[in-house]
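Naming convention: chains lettered A, B, ... in sequence-line order (proteins, then strands); numbering from 1 in each chain. Atom set for the values below is all heavy atoms of this structure, side chains included, hydrogens, waters and symmetry mates excluded.
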Amino acid sequence: MTNGAASAARDFAHRLLAWYDRAARRLPWRVPPGSSAMPDPYRVWMAEIMLQQTTVAAVAGYFERFTARWPTVADLAAADDADVMAAWAGLGYYARARNLLACARAVVTEHRGRFPETEAGLRALPGVGDYTAAAVAAIAFGRPAVVVDANIERVIARHRLIETPLPAAKREIKAALAPLVPDDRPGDFAQGLMDLGATICTPRSPACSLCPVMDDCRARSCADLERLPVKPPKKAKPQRYGVAHWIERDERIWLIRRPAKGMLGGMRALPGGEWCATPPPESGIARVDHSFTHFDLRLTLVRGEWPDEATDAAAEGEWWPLSALDAAGLPTLYRKLIDRLREVKE
DNA sequence: CAGGCGTGGAA
DNA sequence: TTTCCAAGCCT
């Protein structure tokens, strides 16, 4: 690297960190900039897992509940699977909850209860990919890791005018970012870039006039700045249909647990058949339309008898008190369907 | 690499 | 209303 490039890199980090010192979002899992204390790796890891593809607003309450109930990685490792899955209900991407438990137990049994401090060590844990390993290494352990999430992709793709479409651009973006990462405060640098992407360099209508690295941004004068980073076209979602069974006896409802893999894997659910492309003949007692990542579902609720109409007989089940249904930890799909039934009854 | 995998808020 | 998409990971 030339002296000029090294100087420009230091200046980039300096401007970003100065802005972060002033404008950092105060978040439950974050140590304020300037604090000499290092954050608890357990809390950093927990937040990073919850924040995968999930908004800060959605995560905040879950983070507070999880860390209050399981204050340390050893507490979480000792928790019952059913309790953790139920506590995760509503947050989505349930493989994260299964991996959260697997990871906590791996840290306890294979790492003496301490998170690995290197990217490679972290990367080997369940549910920890390139992004999360780099983020935890930088934020919790002060390692100069190259952290690249969707916010940082956007900031760098614009700042360097990288027009290669994602996901191919990822390597280019990481290469452009690497020389900018400072040895001092790499965690604040990563969080500063993410805050910049979340609040200034937004997908639409970015507030360039407030940007601390505007001066040398190559996309600054582009009228179509918002098109960066270039993303691949989206595919249309197919429509699917399903039936769920309302099986009630003695003020209790029959709930099953879904198979560990696949949609809503490992979660409690109403019993029902496979979801397929053709609508069911039944009219049902309630109905809900729910949009998943890769298909739309119309789920119809019908009255059923146990066990004949509990079609997934292989699944384990339990009679759950109707008065405590909110505590069952049902995914949003089923919660919406049951809410609809309650509306009909009233 | 491409596709599976949730949800809710913003525009 | 529809579309987009948010601190991705796994296979």
Pair A:Thr164, A:Glu172: side-chain N/O donor-acceptor within cut-off below 3.5 Å: yes

Of all the heavy-atom pairs spanning A:Ile173 and A:Ala157, show the shortest one and how long it is. CD1-CB, 4.2 Å

Distance in angstrom units between A:Leu196 CG and C:dA6 C1', rounded: 16 Å

Reckon A:Val128 touches a base, only the sugar-phosphate, or nothing at all at heavy-atom distances under 4.0 Å? sugar-phosphate

Separation of atom CD1 in A:Ile49 from atom P in C:dA6, rounded to whole Å: 19 Å

How would you list all residue pairs meeting ring-ring contact (aromatic ring centres under 6.0 Å, His included) that involve residues 152-188 of chain A, not counting sequence neighbours? A:Phe12-A:His159

A:Lys234 atom NZ is separated from B:dA2 atom P, nearest whole Å, by 15 Å

Could you tell me whether the side chains of A:Thr54 and A:Arg96 share a donor-acceptor contact shorter than 3.5 Å? yes

Using a cut-off of 4.0 Å on non-hydrogen atoms, how would the nucleic acid contact of A:Trp29 be classed: base, sugar-phosphate, or nothing? base

Provide, to the nearest angstrom, the distance between the CZ atom belonging to A:Arg227 and the P atom belonging to C:dC4. 17 Å

Looking for any heavy atom pair under 4.0 Å, which part of the strands does A:Pro203 touch: base, sugar-phosphate only, or nothing? sugar-phosphate

With B for base contact, S for sugar-phosphate-only contact and - for none (protein heavy atoms under 4.0 Å), nucleotides 3-11 of chain B reads SSBBBS---

With a non-hydrogen cut-off below 4.0 angstrom, is A:Leu297 in contact with a base, only sugar-phosphate, or nothing? nothing

Would you say A:Arg298 and A:Gln239 are linked by a side-chain donor-acceptor pair, where the criterion is simply a distance under 3.5 Å? no

What's the CZ-P distance between A:Arg154 and C:dC4, to the nearest Å? 15 Å

What interatomic distance, in whole Å, is found between P of B:dG6 and the corresponding atom of C:dT11? 14 Å

If you assign A:Leu125 and A:Val56 each to the DNA chain C nucleotide with the nearest heavy atom, which residue ends up on the more 5' nucleotide? A:Val56

In whole angstroms, how far is the P atom of B:dA2 from the NZ atom of A:Lys170? 14 Å

Separation of C:dT2 P from A:Asp289 CG (nearest whole Å): 11 Å

Aromatic ring centroids of A:Trp88 and A:Tyr62 under 6.0 Å? no

Students often get this wrong, so: under 4.0 angstrom with heavy atoms, is A:Ala150 touching a base, only sugar-phosphate, or nothing? sugar-phosphate

Using the six-membered ring of A:Phe295, assess whether NZ or CZ of A:Arg240 lies under 6.0 Å from its centre and within 45 degrees of the ring axis. yes

If you pin A:Arg25 and A:Asn99 to their nearest nucleotides in DNA chain C, which one's is more 5'? A:Arg25

Side-chain N or O of A:Lys231 less than 4.0 angstrom from OP1 or OP2 on C:dC4? no

